[in-house]
Q: 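Dropping a structure here in C-alpha cells format, bear with me for questions.
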Amino acid sequence: MDQKTQLSLYETMVLSRTFEEAILHDYHADKTPQWDIGAGLIPGEMHLSAGQEPVAAGVCAHLNASDAITATHRPHHLAIAHGMDLKLLAAEIYGRETGLGHGRGGHMHLFDPATHFSCSGIIAEGYPPALGQAFSFKARNNGAIAVAVTGEGAANQGAFHESLNLAALWNLPVVFVVEDNDWAISVPRRASTAVASNAKRAEGYGMPGERVEDNSVEAVYEAAGKAVERARHGGGPSLIEVHTLRLWGHFEGDAQAYRNDMEGIAERDPIPRYAKELVSAGVLSDEMIASIAADAKSSVDAAIAFAKSSPIPSGSDVSKYVFA
Amino acid sequence: MDQKTQLSLYETMVLSRTFEEAILHDYHADKTPQWDIGAGLIPGEMHLSAGQEPVAAGVCAHLNASDAITATHRPHHLAIAHGMDLKLLAAEIYGRETGLGHGRGGHMHLFDPATHFSCSGIIAEGYPPALGQAFSFKARNNGAIAVAVTGEGAANQGAFHESLNLAALWNLPVVFVVEDNDWAISVPRRASTAVASNAKRAEGYGMPGERVEDNSVEAVYEAAGKAVERARHGGGPSLIEVHTLRLWGHFEGDAQAYRNDMEGIAERDPIPRYAKELVSAGVLSDEMIASIAADAKSSVDAAIAFAKSSPIPSGSDVSKYVFA
Amino acid sequence: MALTQTPNPSMTTSRKLTTAKAMVEGISQEMERDDSVFVLGEDVGAYGGIFSSTTGLLEQFGPGRVMDTPISETAFIGLATGAAVEGMRPIVELMFVDFFGVCMDQIYNHMAKIHYESGGNVKVPLVLMTAVGGGYSDGAQHSQCLWGTFAHLPGLKVVVPSNPADAKGLMIAAIRDDNPVVYMFHKGIMGLPWMAKNPRSLGPVPEEAYEVPIGKAAVARSGSDVTIVTLSLSVHHALDAADEMAKAGVDCEVIDLRSLVPLDRSAVLESVTKTGRLLIVDEDYQSFGLSGEITAIIAESDPRLLRAPMIRVAVPDVPIPYARSLEYAALPTTERITAAIKRIMA
Amino acid sequence: MALTQTPNPSMTTSRKLTTAKAMVEGISQEMERDDSVFVLGEDVGAYGGIFSSTTGLLEQFGPGRVMDTPISETAFIGLATGAAVEGMRPIVELMFVDFFGVCMDQIYNHMAKIHYESGGNVKVPLVLMTAVGGGYSDGAQHSQCLWGTFAHLPGLKVVVPSNPADAKGLMIAAIRDDNPVVYMFHKGIMGLPWMAKNPRSLGPVPEEAYEVPIGKAAVARSGSDVTIVTLSLSVHHALDAADEMAKAGVDCEVIDLRSLVPLDRSAVLESVTKTGRLLIVDEDYQSFGLSGEITAIIAESDPRLLRAPMIRVAVPDVPIPYARSLEYAALPTTERITAAIKRIMA
Ligand SMILES: Cc1ncc(C[n+]2csc(CCOP(=O)(O)OP(=O)(O)O)c2C)c(N)n1
Ligand SMILES: Cc1ncc(C[n+]2csc(CCOP(=O)(O)OP(=O)(O)O)c2C)c(N)n1
Ligand SMILES: [Mg+2]
Ligand SMILES: [Mg+2]
C-alpha cells in the first residue's frame, strides 16, 4: 500500500476519534451532579464508535461523495470518513437549527444529501434503503454504489436476510458491511449468532463474503477495495464482516459490568497500534503524529464552536418539516 | 423401507388428495354463473396442496399427535397427514359452528390442540411460534418436537432467517421444512431466491440442511427421519427442502397464464407415480388401490356430510372468543 | 349544497372504467410522463397485481420499470424508500394491508420520518399502494382496512378512493406528491370479474391525466338531516341506505372523506353544523381509530352541534371472522347503516 | 368521590419502591409461584433490562428462565406465542415500543388473533412488556408511546401503569390473565438513577402479591370542574397542573385510565357527567388514537354533557424531535395542561 493512502487512513481515524473525544467530553460535562441522560448540552443516547475507526476508514477510502452509506445507531466514524461536514454534524448532535436536520434528527438520524449519507436507530433497517439508493444508481448508470453497514447483533434481524437476497437477485451495486464488535449491548456474539462468520451467510445468497479477523485498517481497506470494485463494475453485492472493537460502552453511561473482555483493552486500540506500525515502517514520525492530531483538533474545535454558537430551534416550529 | 410404511405413506397421500378433490368440487360447485370468490358453500381464498402430498406424508410419518406442526396458507396435506380429525377440518372449511375454530378461522387458520397443529396466512410467520412450542417441549423434556413448514417463496422473508438462527442458538427440537414448488403465486423461484438450495442457507446457522430433489415420498421420509431423530434426541434443528410440485393453481380461480411448466404436469403427479412404483414392487395391487381409494372416499364423505349438516354460526355471536 | 365539492372530472366524460383500470391508467400516464416512476411488488408483473392494480404495465413498460419482488416486504419497501431518497418516484405495492406487520418499521420509522428527521432536506416521494377490506371470507389476516393505524402515525399521507374517477385522480396526485402517500384501495370497488362488486365500481373516468386533490373530502350526497361520514366501499353502502331512508323522508348527507391525512376537518364540521346528527361508517376496527377522530372534530369545535348522540357503524373490536354469517355481522352493511339512521332520527 | 376506586394496596404499606423494582417484584413473585412463567428479551439477563425491568431475575432464577435473545424480535416474540399456546406463561420484552414495526405481524396477526381464530380453543397467556415515552432527547425512533396503535387492534389487552403500586399489581394481573397483555411502562416513571424522574416514581408498594384489576380506571384526584382523562407519566403532569389550578379555585378530577383495553368507559362518563368539561392528555400522537376514543365515549352517550369544547393536549402529529426545545413543545407538559385547563374554564 502506498504511503499516501496509509497516511490518509490514519488521518481519517484520528479525525473521527478526535471528534468523538470532544463529544464524549461535552456529553458528560454537564450531566452532574445527578447524572441525567436527558440533560446538558448533548442530551439523549450517545453511541460512540471509538475502536471501530478501521472499518470506516478502510471502507470509505474507496468511496466518493456520490456513493451512499446507510449507517447504524453508531454512525460518527462512517459519517466522518465519508466526508460529512463536521460543522453540520456537530450542530445536529448539539440539537441546533444549523444542524443537518435542523435539530430534528439527533445523532442516530443524520441525513446528508451532500454525501448520500443516512443512518437509523433501528438495527439492520438501514440495509433496505441502501438497496434503493443502489437501484437508482444502477438505473441511472452513474457508477455510484451504496454501502450498508450494520452490527453483528443486527445481522440476526430479518432485514439482513431479505436485503442480501434481494441485492444478489437484482445484482445491485451494494457492499454490505458487518461491524462485529463482539457485543450487542450486553449480549455477546456467541449468544446472538449461530455461526462463526457472517461471511458464511453470504454464500446463502450466492454472494462473495469475507471476514476480516484483524481490526486493522489496511486489512479492511484491502477487502473493501475488492468489494467496492466489484459493485462499481456490475459484479453485484458482497459482504464484509470486520472483527472490530467496541472500545467504550454501548452508549455513554453504560457501566459495562457484563463485560469480560476489558483486560488489556487499551492495547487493542487500533489507532495507536496503527501509528506504531506506521512509525516502525518509517511512514509516520512523532512530529507528523502531533501535527495530524493538531489538524484534527482544530477542525473539531471549529465544528464544535460552530455548533455551540448556533441557535436552538424554536419550539413553535415543532410542526415544520412533517410534510414537504 | 418396509411395506407397511410404504402402504401407509400411500394411504396418507390418497386421503389428502381425496379430501382436496372433494373440496375442489364443492368450492367451484356453486360459484356460477358469475364466478364469485366470496359466494357458495366454501367461500374465500382456497389454496390446495395437490402435488405436495409427499412432503406431508413423508414428514408426518415420523410424528405423533404430541408433536407440533405450524403450516402455511396451504395446510390441508399437513393437517391430514398429522392426523387431524377430518370432520373438524371440513366443518371449519365450510364455516360451521362445529369446525375447529367454530367457523371463525377458515382454511388458512386451523388450530387443533389435539394434534398441536396450527397454520397462518402470513408467509414464513409460522416459523417463530414453532420455536416456542419446541421450547416448551424442551423445558418439559417430553420428547416432542415441532415441525415448521413454509414455501420456497416464504424462505426469503425475515422470519425465516431469525427463526433458523434462534433455533440453532438455543438448540431447539425443530425441523424446518421448505416446500419448494417452484412458484410463489406467479413468481418463479429464480426470481425470488438468490441461491439454488435453501439447504445451503442452513449452513449459515450451523445447522444440517438437505435438499430432496425428487418429489418422492420415500426420499422425503428418509430425510425427515434423520431430522426428526436429531431433534428428538437433543441434536437440535435441521432444515429439509423438498423440490415438490404445485399441481393446481396458487389458489382456486388462478388461471396460471404465467406458468410455463404445465406440459406433462399430470405425469409428474406424485401419487399415481408412487402407486406405479408400489405396484411394480409388488406391494400394491389394483384391488388394494381401489380399496384404499374407497376407504379414503368414505372418510371424506363422512367428514363433508358432517360439515354440511352442521349449523352455521350465528351472527349475534360475532364477538364471542375475542378474549378468554 | 353548502360544501365546496371538488369539481368531479367524471362529469366531463362518458367513458366508463373499473376502479382497477382507472388506477392503472393513472399509473401508466405518469410513467409515460416521468421516467423516474417505477412499480414494484409481489406479482405486479406477469400476473398484473392480485387485484389488477398493475395489469398491462409490464407489457407497456418492460421489466426494468415493473418488477416482481421476492416476498420480502421489508427489503423491497425499504428499497422504494431509498430510491425515492435519490429522487426516483417508486410505486410499491403491499399486496394486502394486513401484511404491514412484517414491514412496518420501514414504513413508519423510515419512509414516514426521514423528511422530518432531515429537517426537510431529504424528500421521500413514493406511493405505497395496498389492498384493503373484507366481505369475501378471507379471514382475519386478509380482510382488514387498518387505515386508522396508518393515519395515526405522522409523516404519511393516507388516501382512500371510493370510485374509479377518484381512484385515477388520487393516484396521479399521489405520484406527483413529494411525500410518501399510502394509497388504500378496497377490493370490493376494483370491479374484479371474480368478486362481488359494487355497481359503482364501474364509472366514468376522463381520459386525460388529472389530479384529485389530496385532503379534500367529497359530498357524495347532499342532505339536511343526518351527516354520514365514511369512505371507501362503505360510501356505497351509505348511499344505498340514504336512498332507502329518503323514501321514509330522511335526508342524509354522505361525506366521502377520500383522504385521512390530511383530514378535511372543515367538511365534516360544516355538514354537522347543518344536520346536527353524526353517523360514522367505518370498515376499520371501531375503537381508537377513525370514528373517534371524526367525533373529536365536533367536540373540539362545539359539542352542542350534535342534537343526538353520535353513532358508529364500524367493525366491532373483533378479528374479521371467516364464516359469512359472522363476517357480515362485523362489516358495516347497508342494513346496519339503515338501522343506525333510524336510531339517530328517533 | 363518585367513582368506585380500586382499593389501593399502597394504602396498607409504608415500604417504598421505584416502579422498576415494583414491576420486578411482581414478576419475581409470579415466577416463584408458577414455574411456567419465564422471561425473555434483549438484555434482560446480565444487564437486567435496559430500563431495569428485569434486574436481579437472572440471578434469582437462572438462565433457564431468564433469557437474553438475539435482536430478532419476530423470532423471539413468536417463540413466546408458541410457548404460551403450549401452556407456558412467557413475559417477553420488546425493548422500546418504537421497534414494533419489525415484529408487528407476530403480535397482531398471531398473538392477538389465535384465540379468536381457534374459536376459543387455544389460549395465549403472555405478557408483552415494552418501554414507552420520551422526554430525554432520544429522537423519533425511541420516544414514542404508540398505545393507540396497540389498542386499535383487537385481541390484545393493553395496560399502562402510572405508579409503582399499580405497576406491580397490573404486572401480576397481566401474568395471570389468560390473554396476551401488552404492558407499557413509561421510562420516566421507572425511577431510574440515570434519568430525570417524576417524584412519584417512588411510592408505597405492598410486599405480598396482589392484582390490580385490568380494565378499571383510577381516580387519581377527585374534583368537580374539569375531567382530565390521562394515563402513564402524564397523570403526574396532570396532577401537578391540577394542584396549580386549585390555587386559582379550579377543581380538577384526574382519571388515570391504567388500561386501554378493556377501556373503563363508565369511569370517563361518570366523571364528565359530573364536571361537564373534558380535557384529554395523551403522550401518544393526537389524531386517530386515544383522545378521539375518549371523546367518542361522551358523544355516543350524550354529547350535551359537554359544557365546553373538549381539549386535547397530545403530541401533535409530528415525529418526536431530538432537540429539547422542540421535544418539549411536542410533549404534554404541565404548562400545556395548565394552559388548557384555563382555556376550558374560560
Ligand atoms: C429492531 C431493534 N431492536 C433492538 C434495538 C435496540 N438496540 C439498539 S443497538 C442494539 C445492539 C446492536 O448491536 P450490534 O448490531 O452488534 O451493533 P453495536 O451496538 O455493537 O454497534 C440494540 C439491541 C434496536 N435499535 N432496533
Ligand atoms: C408476508 C406476506 N406477504 C405476502 C403474502 C401473499 N402471499 C400468499 S401466498 C404467497 C406465495 C407464497 O409462496 P410460497 O412460500 O412459495 O408458498 P406456496 O404458495 O408456493 O405454497 C404470497 C406472496 C402473504 N400471505 N404474507
Ligand atoms: Mg455489536
Ligand atoms: Mg412456492
Side-chain angles (χ1 to χ4, degrees), chain A residues 68 70 88 92 97-106 108-114 116 118-122 124-140 142 144 146 148 157-167 169-170 172 313 317 319-324, chain C residues 35-36 38 40 63-65 67-90 92 102-126 154-157 177-181 214-215 261-262:
Chain A
T70 63
L88 302 182
E92 188 60 24
E97 194 60 47
T98 54
L100 274 175
H102 300 309
R104 271 72 179 169
M108 287 190 281
H109 309 293
L110 306 168
F111 294 88
D112 183 18
H116 298 261
S118 66
C119 56
S120 167
I122 310 297
E125 295 281 336
Y127 269 24
L131 304 190
Q133 293 177 292
F135 178 89
S136 79
F137 300 154
K138 192 178 169 183
R140 289 168 184 168
N142 67 4
Q157 179 73 215
F160 174 88
H161 173 68
E162 296 190 7
S163 299
L164 266 66
N165 183 60
L166 187 52
L169 209 56
W170 291 9
L172 297 174
D317 284 339
S319 292
K320 212 168 152 180
Y321 305 127
V322 180
F323 288 113
Chain C
D35 66 12
S36 66
F38 67 101
L40 74 168
R65 292 180 69 194
M67 279 149 301
D68 279 336
T69 60
I71 317 174
S72 307
E73 286 85 355
T74 290
F76 74 75
I77 293 178
L79 186 152
T81 298
V85 160
E86 294 295 340
M88 298 190 79
R89 302 185 93 84
V92 59
V102 302
C103 53
M104 194 58 173
D105 188 74
Q106 279 300 321
I107 298 171
Y108 98 106
N109 263 338
H110 294 85
M111 185 191 295
K113 291 179 180 163
I114 287 175
H115 185 265
Y116 189 82
E117 291 169 331
S118 76
N121 287 320
V122 179
K123 292 189 181 54
V124 187
L126 65 76
L156 302 166
K157 294 192 176 178
D177 200 292
D178 274 344
N179 296 287
V181 180
I214 296 176
V261 181

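Per chain, numbering begins at 1; letters A, B, ... match sequence-line order.
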Q: For A:Ala139, which atoms come within 4.5 Å of any heavy atom of chain C: side chain, backbone, both, or neither?
A: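 Side chain of A:Ala139 only, per the 4.5 Å heavy-atom cut-off to chain C.
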Q: Any side-chain heavy atom of A:Arg140 sitting closer than 4.5 Å to one from C:Met88?
A: yes
Q: Could you give the side-chain donor-acceptor pairs of residues 124-134 of chain A under 3.5 Å, partners two or more places apart or in another chain?
A:
residue  : atom : partner  : partner atom : Å
A:Glu125 : OE1  : C:Gln106 : NE2          : 2.7
A:Tyr127 : OH   : A:Val177 : O            : 3.1
A:Gln133 : NE2  : C:Glu86  : OE2          : 2.9

Q: Is chain C contacted by the side chain of A:Leu164, its backbone, both, or neither, given a heavy-atom distance below 4.5 Å?
A: neither
Q: Please classify the contact of C:His110 with chain A as side chain, backbone, both or neither, using a heavy-atom distance under 4.5 Å.
A: side chain
Q: Is it the backbone or the side chain of A:Leu110 that comes under 4.5 Å from a heavy atom of chain C, or both, or neither?
A: neither
Q: Sequence neighbours left out, cut at 3.5 Å: what donor-acceptor pairs do the side chains of residues 68-76 of chain C make with other protein atoms?
A:
residue : atom : partner  : partner atom : Å
C:Asp68 : OD1  : C:Asp43  : N            : 3.2
C:Asp68 : OD1  : C:Val44  : N            : 2.9
C:Asp68 : OD1  : C:Gly45  : N            : 2.8
C:Thr69 : OG1  : C:Gly41  : O            : 3.3
C:Thr69 : OG1  : C:Glu42  : N            : 3.4
C:Ser72 : OG   : B:Asn156 : O            : 2.7
C:Glu73 : OE1  : B:Gln157 : NE2          : 2.9
C:Thr74 : OG1  : C:Val102 : O            : 2.7

Q: With rounding to the nearest 0.5 angstrom, report the OG to CG distance, C:Ser118 to A:Asp112.
A: 10.5 Å
Q: Looking only at heavy atoms and a cut-off of under 4.5 Å, which of A:Phe323, A:Phe111, A:Phe135, A:Trp170 has the most pairs with chain C?
A: A:Phe323
Q: By a 4.5 Å heavy-atom criterion (distance strictly below it), what part of C:Asn109 contacts chain A: side chain, backbone, both, or neither?
A: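 C:Asn109 touches chain A through side-chain heavy atoms alone.
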Q: Looking at A:Ala324 and C:Lys123, what are the two nearest heavy atoms and their distance?
A: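 The pair with the smallest heavy-atom distance is CB-CE, 4.0 Å.
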Q: Tell me, side chain or backbone of C:Ile77 under 4.5 Å from chain A's heavy atoms, or both, or neither?
A: neither
Q: Determine the option with the most heavy-atom pairs under 4.5 angstrom with chain A, choosing from C:Lys113, C:Met67, C:Met111.
A: C:Met67
Q: For chain C, which candidate among A:Glu92, A:Glu97, A:His109 shows the most heavy-atom pairs at distances under 4.5 Å?
A: A:His109
Q: Quick check on C:Val261 against chain A: is it the side chain, the backbone, both or neither that has a heavy atom closer than 4.5 Å?
A: side chain
Q: With a 4.5 angstrom heavy-atom cut-off, which part of C:Leu40 approaches chain A: side chain, backbone, both or neither?
A: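 Just its side chain gets close to chain A.
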